[in-house]
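Single-structure report; data block below.
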Amino acid sequence: MSSTENLSDVTTGTSTTETGSDSTDSANYADSRDTTEGRVYTVSGGDWDDVIADAAHDERMVINMGPQHPSTHGVLRLVLEMEGETVTQLRSVIGYLHTGIEKNCEYRTWTQGVTFVTRMDYLAPLSTEMAYCLGVEKLLQIEAPRRAQLLRVMLLEINRIGSHLVYIATGGMELGATTAMTLGFREREEVLHLLEHLTGLRMNHAFIRPGGLAQDMPADYVEVVKAFIKTMKERLPLYDKLFTGQPIWRNRLKGVGYLPVDACLALGVTGPVLRSAGLPWDLRKTEPYSCYDEFEFDVPVDNGADCWSRYLIRVHEMHESLKIIEQCLEKLEPGPVMVEDKKVAWPAQLSIGSDGMGNSLEHVKKIMGQSMESLIHHFKLVTEGFKVPAGQVYTSVESPRGELGAHLVSDGGTRPLRVHVRDPSFVNLQSMPAMSEGGLVADVIAAIASIDPVMGGVDR
């Protein structure tokens, strides 16, 4: 036998040796088709095969956008079927950032659950904390003290500004406006510095707790917040100069990603996307919580129902948030930031030592030297948690992306039986096909940016 006889035949892709077999004899082999270059085998799996099967026409092309793509907000995968530059079919594929947060909450106490849910929408973590804690408080039939409620509102609005700044920064970067990215993240850094000063952390704060807040504000919080307001009032008009009046920016967004109000309602879309279609639905006004009914502010609405309208609404909302923060400072009065019930208040009023770490010596002496009851109570409250009456509840807040709701189920124990969060990013993402099909592939990027999805909230 010559040395060439053992080589594979390039026209069939099969071995020509005596032990070889023809690939067409078995159904287990990959699909094949004959081309001018020979036979080509297609090896793939899952939903990709289904999409390929749908693309019956030769002039159609199926491509993956993401999940590793700089313009899909992290790990979103879009499967596009295109004819030339026109998108004929779009499907969102999610699950690449799945964390099992909701399931993890079932194995932790009600207070520890805050540390999990704050990591869902990591651009607006305080909104998720708020929805979750309002649900726990409703089950417990308690209400946070007034000072805690006002401070919650202040923190939520600071967080809202930061989230909208990321929308402008990332959306601008994806469309080629690098100045939007540098400016947006510059201002967001001011937000993160402020939140770190007020809560101790830049993100994933776990600061809003069932019954109130983890602790009160630092002594200089009024001056620091006022300085932040002054800085933002000076810088926000710059966005109007650079983008709102910029013809390229306007032409890139206007008429793109159209989604009328009836489509929004059919898909359950909320937030700026819904308000851009002309419906002034904002839970801070329609179903107020945490003293929001005491504040004077406008709900920005537009009727363009496109990416341009969503941009205008978010810029306007930042100005309204500054108004609310100013009113918070006027309304705040000294008082407790956690409910008086010692069986719920967690942590058990631990003060910080001079080293900035751990508990003060006086407090340790009191717990361990004077009151065994205090020590036992503190230990059981931290390790076991408090019991929540059996029942289920749904509470919702207006996050920067829309209605963020928490459905909590309790069996009367110290841990949740079930935690489910209605994340607006997940629901709003359903609108991608309606916004994009029939448009250009370049406009898909603008449509994603206008929804402003956070994949941590989508995959949870």
Side-chain angles (χ1 to χ4, degrees), residues 111 114-134 144 147-170 181 183-210 212-236 284 289-292 295 297 314 317-329 331-332 337-338 347 352 356 397-401 404 425 452 454 456-457:
T111 301
V114 178
T115 313
F116 282 95
V117 298
T118 190
R119 285 163 167 77
M120 292 183 182
D121 185 343
Y122 40 77
L123 295 184
L126 289 161
S127 294
T128 325
E129 295 174 25
M130 185 70 170
Y132 175 85
C133 290
L134 285 175
R147 180 174 174 83
Q149 292 194 34
L150 291 172
L151 287 173
R152 284 175 172 184
V153 170
M154 185 181 78
L155 292 170
L156 284 170
E157 295 307 315
I158 294 170
N159 206 177
R160 189 183 309 278
I161 294 172
S163 179
H164 285 343
L165 287 168
V166 174
Y167 151 76
I168 293 175
T170 56
M181 185 268 294
L183 286 180
F185 279 112
R186 181 189 70 176
E187 265 69 83
R188 185 192 179 226
E189 200 64 22
E190 298 287 343
V191 173
L192 295 182
H193 281 318
L194 177 61
L195 288 174
E196 184 177 21
H197 185 75
L198 299 179
T199 70
L201 289 169
R202 288 160 60 91
M203 298 168 67
N204 304 333
H205 313 275
F207 192 73
I208 298 175
R209 305 278 177 86
L213 300 175
Q215 61 188 38
D216 206 344
M217 295 285 105
D220 62 342
Y221 80 97
V222 175
E223 294 78 17
V224 175
V225 173
K226 282 183 176 178
F228 168 77
I229 294 171
K230 182 183 177 186
T231 301
M232 293 308 296
K233 282 187 173 180
E234 291 172 354
R235 293 185 181 179
L236 281 182
R284 296 174 296 172
Y289 51 92
S290 192
C291 302
Y292 264 114
F295 293 89
F297 64 99
R314 288 189 175 99
E317 279 188 5
M318 289 193 282
H319 290 282
E320 295 303 315
S321 292
L322 288 176
K323 278 190 204 174
I324 297 173
I325 296 168
E326 285 181 312
Q327 293 174 59
C328 282
L329 294 179
K331 293 176 183 292
L332 279 167
V337 295
M338 181 59 80
I352 303 300
V397 302
E398 186 70 31
S399 92
R401 272 154 282 284
L404 194 157
S425 293
D452 189 26
V454 174

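These numbers come from a predicted model, not from an experiment.
- Checked against ring pair (Phe, Tyr, Trp, His ring centres under 6.0 Å), Phe228 has no partners two or more places apart in sequence or in another chain.
- Take Arg284 and apply the side chain to side chain donor-acceptor pair (under 3.5 Å) test, not counting sequence neighbours, and it matches Glu157, Asp282.
- The salt bridge (Lys or Arg N to Asp or Glu O under 4.0 Å) pairs that include a residue from residues 212-224 are Arg147-Asp216, where partners are two or more places apart or lie in different chains.
- Going from atom SG of Cys133 over to atom CZ of Phe207 covers 11.5 Å, rounded to the nearest 0.5 Å.
- Of the N and O atoms on the side chains of Arg401 and Ser163, at least one donor lies less than 3.5 Å from an acceptor on the other residue.
- With sequence neighbours excluded, the residues that form a side chain to side chain contact (heavy atoms under 4.5 Å, CB included) with Met203 are Tyr122, Arg188, Leu192.
- What you find for His205 and Pro125 is that their closest heavy atoms are CD2-CG, 3.7 Å.
- Taking OG1 of Thr199 as the reference point, atom CD1 of Ile158 lies at 9.5 Å (rounded to 0.5 Å).
- To the nearest 0.5 Å, atom NZ of residue Lys323 and atom CD of residue Glu326 are 9.5 Å apart.
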Q. Is there a side chain to side chain contact (heavy atoms under 4.5 Å, CB included) between Thr118 and Thr128 once you walk through the steps?
A. CA-CA 6 Å; Thr118 190; Thr128 325; 5.8 Å; no
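- Atom CE of Met130 and atom CG of Leu126 lie 10.0 Å apart (nearest 0.5 Å).
- Residues meeting the side chain to side chain donor-acceptor pair (under 3.5 Å) test with Arg314, sequence neighbours left out: none.
- Using a distance-only test at 3.5 Å, with no hydrogens or angles considered, a donor-acceptor pair links the side chain of Glu129 to the main chain of Ile208.
- The side chain to side chain donor-acceptor pair (under 3.5 Å) search around Lys226 returns none, not counting sequence neighbours.
- Salt bridge absent: Arg186 and Glu189 never bring a charged side-chain N and a carboxylate O closer than 4.0 Å.
- Put simply, CG on Leu156 and CD1 on Ile161 are 11.5 Å apart, with the number rounded to the nearest 0.5 Å.
- Here the closest heavy-atom approach between residue Met338 and residue Leu213 is recorded as CE-O, 3.3 Å.
- Of all non-hydrogen atoms in Ala148 and Val337, the two that sit nearest each other are CB-O, 3.5 Å.
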